[in-house]
Number of protein chains: 2
Amino acid sequence: MTSSANIGYNLPGIDLKDPSTRRTAQLTKALGHPVRLAILKLLSERDTCFCGDFTEVLPLAQSTVSQHLKVLKESGLITGTSQGVRTCYCLDSSGIQELNQTLIGLAGMFDTSNLSDCC
Amino acid sequence: MTSSANIGYNLPGIDLKDPSTRRTAQLTKALGHPVRLAILKLLSERDTCFCGDFTEVLPLAQSTVSQHLKVLKESGLITGTSQGVRTCYCLDSSGIQELNQTLIGLAGMFDTSNLSDCC
DNA sequence: ATTTCTTATCGTAAAATTACGATAAATATA
DNA sequence: TATATTTATCGTAATTTTACGATAAGAAAT
């Protein structure tokens, strides 16, 4: 009911520069590729970091995987920590929490109960 | 057979060709732009279709808005129905339901309780 | 029939994404 | 020290996305 409940677009005029909107777009965009979804799923299925070789799991060049990892890192969803000659990748708990809240918020935004399908 | 020979498409939980993974990527990718989030937000805030002029609400050219609407339509999230000289846009209830389930599923995928932040 | 209004599509350009191989940097090991 | 291993980064090419103006298609009004 408060203005914080609906994330900021009230007619007339929509603020495309709203940081929370841009952040939501960044997070969902990061999810918007099968390879990145696969990486996140792999990490989520483990109870510890993944310090193995992603190229043994994904049919892509090492540099390509590294680019996708970079996208996920820059969006705050994973961390990469050097462990000797390897790098261990984990889900970033704070970023994942933010993502979860964002996803729940988006799901709640579309209240199917009042979808009238009027047209 | 080496581990890399059978890798890529049929490891447990990771199948880049999996239609549901591709669908999830398509849906989240559709959300991954501030303008499209704004359009969806605008539609979700109404209990009826929007038959007005999007260019009065969005600081973009008409053709650009039309392109974003096309992306949302092709992803199954909205419908556009001709009403005389205008087109009325609604959330697509089945697509939105699918989206909501997908978002909830993604949020549930990342169980924060076992994020150990080990690295 | 003609004009007006709305919106999709076309054509185009700039920017971003995706993918790869090659290379460099960092670390472990011989 | 020298060598091997791992991963980020560079350079590049192909594709996609994003945005705009111009135009076409369709419907309503004159």
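Protein chains get the first letters and strands the later ones, always in sequence-line order, with residue 1 at the start of each. Any value given below was found using the heavy atoms of this structure, including those in side chains, with hydrogens, waters and symmetry copies removed.
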| request: Please state how far atom CZ in A:Arg22 lies from atom C1' in D:dT18, giving the value in whole angstrom units. | output: 14 Å
| request: Report yes or no: does B:Arg36 contribute a side-chain atom to a donor-acceptor pair with the main-chain N or O of B:Ala30 at less than 3.5 Å? | output: yes
| message | Rounded to the nearest 0.5 Å, what separates atom CG in B:Leu91 from atom CD1 in B:Ile39? | response | 11.0 Å
| task | Take atom CG of B:Asp53 and atom C1' of C:dT4, then tell me their distance rounded to the nearest Å. | result | 15 Å
| D:dT6 phosphate, OP1 or OP2: any side-chain N/O from A:Tyr89 under 4.0 angstrom? | no
| message | In this structure, how many angstroms lie between the C1' atom of D:dT6 and the CZ atom of A:Phe54, rounded? | response | 14 Å
| Working for disulfide (SG to SG under 2.5 Å), residues B:Cys49 and B:Cys88 | CA-CA 6 Å; B:Cys49 294; B:Cys88 291; 5.9 Å; no
| request: Starting from C1' on C:dT18, measure out to CG on A:Leu37 and report it in whole angstrom. | output: 15 Å
| task | Report which part of the nucleic acid A:Thr87 touches: base, sugar-phosphate, or nothing (heavy-atom distance under 4.0 Å, all strands). | result | sugar-phosphate
| said: Each nucleotide in nucleotides 22-30 of chain C should get exactly one letter: B, S or -. Can you fill that in based on protein heavy atoms under 4.0 Å? | reply: B----BS--
| message | Closer than 3.5 angstrom, by distance alone: can the side chain of B:Thr28 be matched with the main-chain N or O of A:Leu31 as a donor-acceptor pair? | response | yes
| task | Using whole Å, report how far CD1 of A:Ile39 lies from P of C:dT18. | result | 11 Å
| message | At less than 4.0 Å, is any side-chain N or O atom of A:Arg86 found next to OP1 or OP2 of D:dT5? Yes or no. | response | no
| note | Taken to the nearest 0.5 Å, the spacing of B:Leu40 CG from B:Glu45 CD works out to 11.0 Å
| field | Short side-chain N/O contact from B:His33 to OP1 or OP2 of D:dT16, under 4.0 Å | value | no
| remark: Residues in residues 67-76 of chain B with a heavy atom under 4.0 Å of DNA chain C, by number, are B:Lys73
| field | Separation between CG of B:Leu27 and OG of B:Ser20, rounded to the nearest 0.5 Å | value | 10.5 Å
| field | Test item: A:Leu37 and A:Lys41 side chains (from C-beta on) under 4.5 Å apart, heavy atoms | value | no
| query | Phosphate oxygens OP1/OP2 of C:dT18: is one of them under 4.0 Å from a side-chain N or O of A:Arg36? | reply | yes
| remark: From NZ of B:Lys29 across to C1' of D:dT16 the rounded distance in Å is 7 Å
| said: If I take atom OG from residue B:Ser44 and atom CD1 from residue B:Ile78, how far apart are they, to the nearest 0.5 angstrom? | reply: 12.5 Å
| request: Using modelled atom types only, decide if a donor and an acceptor are shared between the side chain of B:Ser66 and the backbone of B:Gln62 within a distance under 3.5 Å. | output: no
| B:Thr64 side chain, from C-beta outward: closest of D:dT18, D:dC20, C:dT18 | D:dC20
